[in-house]
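Atom set for the values below is all heavy atoms of this structure, side chains included, hydrogens, waters and symmetry mates excluded. By convention in this document, chain letters (A, B, ...) are assigned in the order of the sequence lines, proteins followed by strands, and residues within each chain are numbered from 1. This is a predicted model, so every value here is computed, not measured.
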Amino acid sequence: MSVRTRFAPSPTGALHIGGARTAIFNWLFARHYGGRFILRIEDTDRNRSTEESISEILDGMMWLGLNWDEGPFRQSDRLSIYQEYAERLLASGKAYRCYCTPNEIERRRKEAEKQGRVYRYEGTCRNLKSHSPDKPFAIRLATPEEGNIEVEDLIRGTISFDAKEIDDFVIQKTDGFPTYNFAVVIDDATMDITHVIRGDDHIANTPKQILIYEALSQNIPKFAHVSMILGSDKTRLSKRHGATSVVAYREMGYLPEAVVNYLARLGWSYGDQEIFSKDELIDKFTLDSVGKGAAVFNPEKLLWLNGWYIRNKPAEEIAELVIPFLHKKGFQVALDERFIKIVNILRERAKTLVELADSAEYFFADEIKYEGAARKKFLTSDALPIIEELINKLSSLRDFTVPELQRIFGEITEKREIKLVQIAQPVRVALTGGTVSPGIFEVMEVLGREKVLERLKRAVSQIPKN
RNA sequence: GGCCCCUUCGUCUAGCGGUCUAGGACAUUGCCCUCUCAAGGCAGAAACACGGGUUCGAGUCCCGUAGGGGCCA
């Protein structure tokens with residue numbers, strides 16, 4: 001039997017970090033074993049589900065490159081299927097109609113609470129002989145009264161629950177809607193899901209789900225419960241901890257490779273390896289090297305990985321990705337040779353595409369602004385003759401290239417017996433406005449003779465004479 | 001409260017009874033490289049939650065305790 005996994009988010013918001021990791025694990029598992037990956041939208045909660053969330057989730061999945069083979073299915077399209085299966089259980093006597101009203105149940109629960117007991121439905125309607133077709137009813141599963149229900153978890157081993165802990169729970173509500181556990185089981189069963197990989201917040205649901213499979217005489221899939229992702233204070237990751245939606249990372253200039261790599265490595269490992277291409281992940285991912293403990297989300301490491309990918313992907317691809325960020329800043333740039341060169345010299349010092357776009361500003365701005373401190377420190381009367389000499393030499397330079405520029409600078413430092421830094425920094429401020437940039441020769445070469453001379457002359461005019 | 005899960009450096013983790021004076025990565029500190037900033041290189045500080053067992057020997061197995069988390073309410 002071939003592997004079939006699924007990712008089943010409820011559309012109550014964008015795809016978040018935790019959901020994305022669950023999706024990644026399911027996707028990797030399916031791809032690793034040559035199986036299929038199914039996407040299902042659990043939108044039975046009509047009040048909280050939105051169309052917008054659905055498209056945001058799909059958007060996030062596509063951005064991460066988590067392509068699905070079937071779906072997206074929607075639970076809201078499948079209500080008749082759940083009802084049909086509920087009927088079937090009713091007919092086989094594995095489930096029964098319950099006429100107890102919510103008020104009654106609530107009263108009994110309060111009573112139990114008062115006595116310090118955990119309330120479990122006492123089976124009032126379990127052995128009712130006659131139906132009351134005119135009264136509203138819920139459908140409950142007739143669960144075993146004793147024994148153990150064992151969950152064979154691929155990550156945690158056997159987890160055992162006492163059947164006494166589980167009461168005759170509702171599978172279909174009075175309004176005809178399935179309960180969460182019922183819908184999930186019917187979906188997983190009818191979609192032939194072989195491996196349910198999900199967050200460990202579902203562990204406690206699993207015995208109930210197993211009872212449904214058994215009542216239905218369906219094959220029980222394998223379960224794998226992955227620990228959750230925590231924020232820095234070790235509580236469940238939430239908005240308080242900063243950006244949690246995957247798409248927000250795209251906007252902050254992260255690459256999908258970095259996000260996938262980071263999330264895959266969060267809770268899973270392969271020896272000492274940190275960097276994984278998608279193909280490597282598919283090749284190496286297995287559930288037995290998924291850890292049991294909860295993992296704290298560490299934005300710094302994600303950032304480091306992002307920087308790594310920015311430095312190591314082909315420059316042209318990075319350049320293409322930066323363009324929209326430059327557009328946002330009002331610079332129209334084309335993916336030409338010059339631009340790729342710019343990206344290539346800048347990317348070493350950028351950890352996000354946003355940083356990269358920010359650092360590229362002086363290549364596109366018509367007139368650069370000097371940083372106050374930089375100007376004060378380096379555009380001084382001491383620097384004036386040096387810059388003037390440089391202007392002279394540059395005007396007659398045959399090739400405006402790194403080696404030639406290097407030669408010119410060498411001549412000046414030698415003649416004047418100064419250090420390179422004494423000329424490089426003033427020039428840097430004159431050309432970029434600040435004290436930080438790629439190598440000054442690279443900057444000059446890319447900027448070109450005309451721009452360089454223009455900016456140097458402007459700097460000269462700005463230096464106070466004394 | 002009941003049930004269930006988890007516990008190695010600040011963080012992600014390696015470790016599947018002896019090779020652990022516990023390895024790698026991020027972050028951090030120092031040094032090197034150097035035209036600035038990065039990147040890179042080298043070095044450092046930094047952990048087996050605690051207590052009992054089992055065993056010749058435990059980070060590794062078992063049982064408690066503590067702490068964290070989840071589900072049900």
Undergrad: Going by an N to O cut-off under 4.0 Å, is there a salt bridge joining A:Lys222 and A:Glu152?
TA: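 No salt bridge links A:Lys222 with A:Glu152.
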Undergrad: Go through the side-chain N and O atoms of A:Ser277 and A:Asp279 and say whether any donor and acceptor fall under 3.5 Å apart.
TA: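 Note: A:Ser277 and A:Asp279 side chains miss the donor-acceptor criterion.
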Undergrad: Can you tell me the pairing partner of B:C71 across any strand shown, Watson-Crick or G-U wobble, with both distances under 3.5 angstrom?
TA: B:G2
Undergrad: Report all interatomic pairs (protein N or O, nucleotide N or O of nucleotides 69-73 of chain B) with separations under 3.5 Å.
TA:
from, atom 1, to, atom 2, distance (Å)
B:G70, O2', A:Asp201, O, 3.4
B:C71, OP1, A:Arg236, NH1, 3.4
B:A73, O3', A:Arg109, NE, 2.4

Undergrad: Applying ring-ring contact (aromatic ring centres under 6.0 Å, His included), name anything that partners A:Tyr262, two or more places apart in sequence or on another chain.
TA: A:Phe297
Undergrad: Considering only distance and modelled atom types, tabulate donor-acceptor pairs under 3.5 Å from the side chains of residues 421-436 of chain A, sequence neighbours left out.
TA:
from, atom 1, to, atom 2, distance (Å)
A:Gln422, OE1, A:Lys419, N, 2.8
A:Gln425, OE1, A:Arg428, NH1, 2.6
A:Arg428, NE, A:Ser437, OG, 2.8
A:Arg428, NH2, A:Pro438, O, 3.2
A:Thr432, OG1, A:Arg428, O, 2.8
A:Thr432, OG1, A:Gly434, N, 3.2
A:Thr432, OG1, A:Gly434, O, 3.2

Undergrad: Would A:Arg107 and A:Glu104 pass as an ion pair if we require N to O under 4.0 Å?
TA: no
Undergrad: One thing to verify: whether A:Arg40 and A:Asp188 come together as a salt bridge, which I'm taking to mean a side-chain N less than 4.0 angstrom from a carboxylate O.
TA: yes
Undergrad: Please report, rounded to the nearest Å, how far the P atom of B:G2 is from the CG atom of A:Asp162.
TA: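 In whole Å, B:G2 P lies 15 Å from A:Asp162 CG.
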Undergrad: Mind checking the P distance from B:U29 to B:A22? Whole angstroms is fine.
TA: 24 Å
Undergrad: Please determine, for B:G57, whether a Watson-Crick or G-U wobble partner exists with both distances under 3.5 Å, and give it or none.
TA: none
Undergrad: Could you tell me the Watson-Crick or G-U partner of B:C33, where both distances fall under 3.5 Å? Say none if there is no partner.
TA: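 Partner of B:C33: none found under 3.5 Å.
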Undergrad: Can you name the residues that form a salt bridge (Lys or Arg N to Asp or Glu O under 4.0 Å) with A:Arg349, not counting sequence neighbours?
TA: none
Undergrad: With C1' as the reference atom in both, quote the distance from B:G18 to B:G57 in angstrom, rounded to an integer.
TA: 7 Å
Undergrad: B:G24 base to A:Glu274 side chain: any donor-acceptor pair below 3.5 Å?
TA: yes
Undergrad: Could you check how far CZ of A:Arg265 sits from C1' of B:U13, rounded to whole Å?
TA: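 The answer, rounded to whole Å, is 5 Å.
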Undergrad: Measure CZ/A:Phe276 against P/B:A25 and give the value in whole Å, please.
TA: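 Result: 14 Å.
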Undergrad: A:Gly267 near the nucleic acid: base, sugar-phosphate alone, or nothing, with a heavy-atom cut-off under 4.0 Å?
TA: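 Since only primed, P, OP1 and OP2 atoms lie under 4.0 Å of A:Gly267, the category is sugar-phosphate.
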Undergrad: Can you check the distance between B:A66 and B:C50, where both ends of the measurement are the C1' atom (answer in whole Å)?
TA: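 Roughly 7 Å separates the two C1' atoms.
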Undergrad: Write down the distance separating the C1' atoms in B:C26 and B:C71, rounded off to the nearest Å.
TA: 33 Å
Undergrad: After noting the C-alpha distance and the side-chain angles of A:Lys94 and A:Glu214, does the key distance pass the salt bridge (charged side-chain N to carboxylate O under 4.0 Å, His left out) rule?
TA: CA-CA 10 Å; A:Lys94 299 280 175 56; A:Glu214 284 174 347; over 6 Å; no
Undergrad: Mind checking ring-ring contact (aromatic ring centres under 6.0 Å, His included) for A:Tyr33 and listing every partner two or more places apart, or none if nothing turns up?
TA: A:Phe29
Undergrad: Counting only heavy atoms and a strict 4.0 angstrom limit, can you tell me which residues of residues 246-254 of chain A come near RNA chain B?
TA: none
Undergrad: Rounding to the closest angstrom, what is the interatomic distance between B:C48 and B:C6 at atom C1'?
TA: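 Roughly 16 Å separates the two C1' atoms.
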Undergrad: Strictly below 4.0 Å, heavy-atom distances to any atom of RNA chain B: list the hits from residues 145-161 of chain A, or just say none.
TA: A:Arg156, A:Ile159, A:Ser160, A:Phe161
Undergrad: List the residues meeting ring-ring contact (aromatic ring centres under 6.0 Å, His included) with A:Tyr119, not counting sequence neighbours, and say none if there are none.
TA: none
Undergrad: Need to verify one output field. Residue with the more 5' nearest nucleotide on RNA chain B, A:Lys292 or A:Gln273?
TA: A:Lys292
Undergrad: Under the rule for side-chain contact (heavy atoms from CB on, under 4.5 Å), what residues qualify as partners of A:Glu454, not counting sequence neighbours?
TA: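 Residues passing side-chain contact (heavy atoms from CB on, under 4.5 Å) with A:Glu454: none at all.
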Undergrad: Is the OH atom of A:Tyr270 crowded by more than 12 outside heavy atoms at less than 6.0 Å?
TA: no
Undergrad: Please give the nucleotide sitting opposite B:G64 as a Watson-Crick or G-U wobble pair, both distances under 3.5 Å, or none.
TA: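 WC or wobble partner is B:C50.
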Undergrad: How far does the C1' atom of B:U7 sit from the matching atom of B:G51, given to the nearest Å?
TA: 15 Å
Undergrad: Report the distance from atom CD of A:Glu42 to atom OH of A:Tyr180, rounding to the nearest 0.5 Å.
TA: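 If I round to the nearest 0.5 Å, the distance is 5.0 Å.
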Undergrad: Please check if any side-chain donor atom of A:Asp187 sits under 3.5 Å from a side-chain acceptor atom of A:Tyr82, or the reverse.
TA: yes
Undergrad: For A:Phe285 together with A:Phe25, are the ring centres under 6.0 Å from each other?
TA: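 Yes; A:Phe285 has its ring centre under 6.0 Å from that of A:Phe25.
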Undergrad: Taking B:A14 as the reference, what is the distance to B:C9 when you measure between their P atoms (whole Å, please)?
TA: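 It comes out at 12 Å once rounded to the nearest Å.
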Undergrad: So A:Glu300, base contact, sugar-phosphate only, or nothing? Heavy-atom distance under 4.0 Å.
TA: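 Sugar-phosphate: the residue A:Glu300, judged by heavy atoms under 4.0 Å, touches backbone atoms but no base.
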Undergrad: Which atoms of nucleotides 14-20 of chain B (N or O only) lie under 3.5 Å from a protein N or O atom, and what are those distances?
TA:
from, atom 1, to, atom 2, distance (Å)
B:A14, OP1, A:Ser269, OG, 2.9

Undergrad: Within the 4.0 Å limit for protein heavy atoms, which parts of nucleotides 28-47 of chain B are touched? Write it as a string from 5' to 3', B for base, S for sugar-phosphate only, - for none.
TA: -------BBBBSS-------
Undergrad: Centre of A:Phe400's six-membered ring, under 6.0 Å away, within 45 degrees of the axis: is that where NZ or CZ of A:Arg449 sits?
TA: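 Verdict for A:Phe400: no cation-pi partner in A:Arg449.
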Undergrad: Is it the case that A:Thr179 and A:Asn181 place a side-chain donor and acceptor less than 3.5 Å from each other?
TA: no
Undergrad: Kindly write out the residues that satisfy ring-ring contact (aromatic ring centres under 6.0 Å, His included) with A:Phe276, not counting sequence neighbours, or none if the list is empty.
TA: A:Trp268
Undergrad: Which base sits across from B:U11 as a Watson-Crick or G-U pair, both distances under 3.5 Å?
TA: B:A25
Undergrad: Atom CG of A:Leu303 to atom C1' of B:C12: distance rounded to whole Å?
TA: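 Roughly 15 Å, once rounded to whole Å.
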Undergrad: Between B:G69 and B:G30, how far apart are the two P atoms, rounded to whole Å?
TA: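 About 35 Å, rounded to a whole number of Å.
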